[in-house]
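Letters A, B, ... mirror the listed sequences (proteins, then strands); counts begin at 1. Because only heavy atoms are used, hydrogens play no part in the values below, and waters and symmetry mates are left out as well, while side chains stay in. None of the values given here were measured: they were computed from a predicted structure.
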Number of protein chains: 2
Amino acid sequence: MTSAGSSGATLPTRQRILDAAIDQFGTRGVDAVSLDEIARDVGVRKQTVLYWFASKDELVQAVLASAAAELVLVIEAAVRSAPNEPLARIDAVVGAVFRPAVRRPALLGLLRELGRLSPEHAARLSAHLAPMIDRAIDYLAAEMTAGRLRRSDPRLIAALAYATVTGIATEPEVLVAVGWRADTAGLRALRSELRGFLRAALAP
Amino acid sequence: MTSAGSSGATLPTRQRILDAAIDQFGTRGVDAVSLDEIARDVGVRKQTVLYWFASKDELVQAVLASAAAELVLVIEAAVRSAPNEPLARIDAVVGAVFRPAVRRPALLGLLRELGRLSPEHAARLSAHLAPMIDRAIDYLAAEMTAGRLRRSDPRLIAALAYATVTGIATEPEVLVAVGWRADTAGLRALRSELRGFLRAALAP
DNA sequence: ACAGTTCTCTACCATTTGGTAGACGCATTT
DNA sequence: AAATGCGTCTACCAAATGGTAGAGAACTGT
């Protein structure tokens with residue numbers, strides 16, 4: 001009854017609304033985006049949005065859950081398919097997050113919305129991501145004691161690496177401001193520099 | 001006649017509005033903050049805000065100019081008073097930006113609004129900061145060729161360092177999510193880790 | 001005491017916001 | 001053919017938004 005997809009054949013409109021909302025919320029901020037704008041993007045009336053999601057709040061909630069799930073999925077897959085060596089794993093995560101993120105900053109941009117969300121939404125989002133974060137921190141700590149990573153506070157290192165990747169991926173304007181070009185070569189160069197930056201920062 | 005401070009004794013209200021607007025815009029985003037909210041923060045009516053700044057747009061413009069000027073001032077001062085050695089200078093800049101930024105993320109948060117501002121505002125803000133950015137990049141390039149910094153693309157390195165500092169300073173929620181405490185000891189630890197992170201990332 | 005300026009206020013206004021109520025079309029089932 | 005959901009629509013609404021018009025206090029210099 002909650003408009004959730006229990007029937008199974010409920011893909012097109014609902015999913016399109018969700019996609020549009022992720023993009024808009026992630027790039028412009030939740031508060032700055034109206035339901036009318038999302039509806040216009042989808043090619044539908046606002047009331048259709050409110051049919052699928054009973055309120056803007058519920059839409060935000062669904063968007064956050066969806067984005068967090070996607071993010072976790074992508075990152076875990078990257079970690080699993082990488083060799084068991086810390087710098088290589090970090091490379092893999094960066095690669096997995098980076099490619100989609102630069103062309104579509106909305107996903108990581110949503111994370112940056114954390115501080116602007118209502119406490120309930122923020123808590124839910126944190127809960128979604130917490131297990132992965134904890135595992136990452138444990139992994140970093142273990143690798144540090146094993147001497148394969150520079151010895152430091154693993155929690156703050158995780159936050160710093162996150163800040164670097166997210167910041168660079170969600171603020172293309174800054175890249176443009178330093179004279180970067182958003183073409184394929186530029187993208188490759190950026191990824192290479194980011195990799196070198198993180199390797200240097202984390203290597204023992 | 002443009003409501004600018006040509007008389008000289010125009011400090012209290014106008015400045016208080018400006019300060020409140022910097023905080024609100026910087027932490028919650030320009031679009032998400034209403035003039036009523038700013039007015040309430042200041043303890044005044046919305047129409048008083050509109051007396052000092054003819055429109056919200058003009059207020060945004062003034063806020064950006066003020067914040068950019070303050071930022072440039074702080075950073076240039078830090079650079080001048082630091083020893084002429086790249087890692088020490090970077091330490092100095094980080095220290096200068098970091099202390100106020102963590103306790104009051106609005107200043108750097110405004111920079112993060114770049115991509116959400118109207119093109120005119122974004123251009124003006126970029127113009128304000130461009131000279132300093134260019135000088136920083138030139139400096140990095142020179143120190144790289146001199147072998148005192150890790151050799152790489154100075155423009156992207158500047159962007160990456162910026163992303164790291166800004167990201168960590170404007171997203172305290174992430175720090176909390178990794179179990180960080182916002183007390184004095186935590187602040188010192190964070191600054192120390194940030195310094196170590198950047199040093200490792202930039203050292204030759 | 002008076003006129004003038006400076007500053008903040010009350011009273012509106014048009015538009016946009018998130019949200020409700022209910023009708024219409026369109027399949028599918030009976 | 002009738003009935004039943006399902007999905008989208010038109011038609012509203014109350015509150016909030018940025019903004020206008022203009023009154024009135026409070027301090028000036030004369």
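Per the geometry, CG belonging to A/Leu50 stands 13 Å off P belonging to C/dA21, to the nearest Å. Nucleotide C/dG22 holds its C1' atom 17 Å from the CZ atom of A/Arg45, rounded to whole Å. Between the C1' atom of C/dG19 and the CG atom of A/Leu35 lies a distance of 9 Å, rounded to the nearest Å.
Residue pairs meeting the salt bridge (charged side-chain N to carboxylate O under 4.0 Å, His left out) criterion with at least one member in residues 86-97 of chain B, sequence neighbours excluded, are B/Asp91-B/Arg195, B/Asp91-B/Arg199.
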Listing, residues 162-180 of chain A side-chain donor-acceptor contacts under 3.5 Å, not counting sequence neighbours, or none:
unit_1: A/Tyr162; atom_1: OH; unit_2: B/Glu171; atom_2: OE1; d: 3.2
unit_1: A/Thr164; atom_1: OG1; unit_2: A/Leu160; atom_2: O; d: 2.9
unit_1: A/Thr164; atom_1: OG1; unit_2: B/Thr164; atom_2: OG1; d: 2.6
unit_1: A/Thr166; atom_1: OG1; unit_2: A/Tyr162; atom_2: O; d: 2.9
unit_1: A/Thr170; atom_1: OG1; unit_2: A/Arg112; atom_2: NH1; d: 2.9
unit_1: A/Thr170; atom_1: OG1; unit_2: A/Thr166; atom_2: O; d: 2.7
unit_1: A/Glu171; atom_1: OE1; unit_2: B/Tyr162; atom_2: OH; d: 3.2
unit_1: A/Trp180; atom_1: NE1; unit_2: A/Gly186; atom_2: O; d: 3.0

Look for any protein N or O under 3.5 Å of an N or O in nucleotides 12-16 of chain C and output each such pair with its distance, or none.
none

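For the 3.5 Å distance criterion, the side chains of B/Gln61 and B/Asp57 fail to qualify, holding no donor opposite an acceptor.
Checking D/dC9, D/dG7, C/dT6 against every side-chain atom of B/Tyr51, the shortest atom distance belongs to C/dT6.
In this structure, the salt bridge (Lys or Arg N to Asp or Glu O under 4.0 Å) partners of B/Arg28, at least two apart in sequence or on a different chain, are B/Glu37. Remark: B/Glu143 pairs with B/Arg148 by the salt bridge (Lys or Arg N to Asp or Glu O under 4.0 Å) rule, at least two apart or across chains. Under the side-chain contact (heavy atoms from CB on, under 4.5 Å) criterion, B/Arg80 pairs with B/Glu76, B/Ala77, not counting sequence neighbours.
Distances shorter than 4.0 Å separate none of the side-chain N or O atoms of A/Thr13 from OP1 or OP2 on D/dG7.
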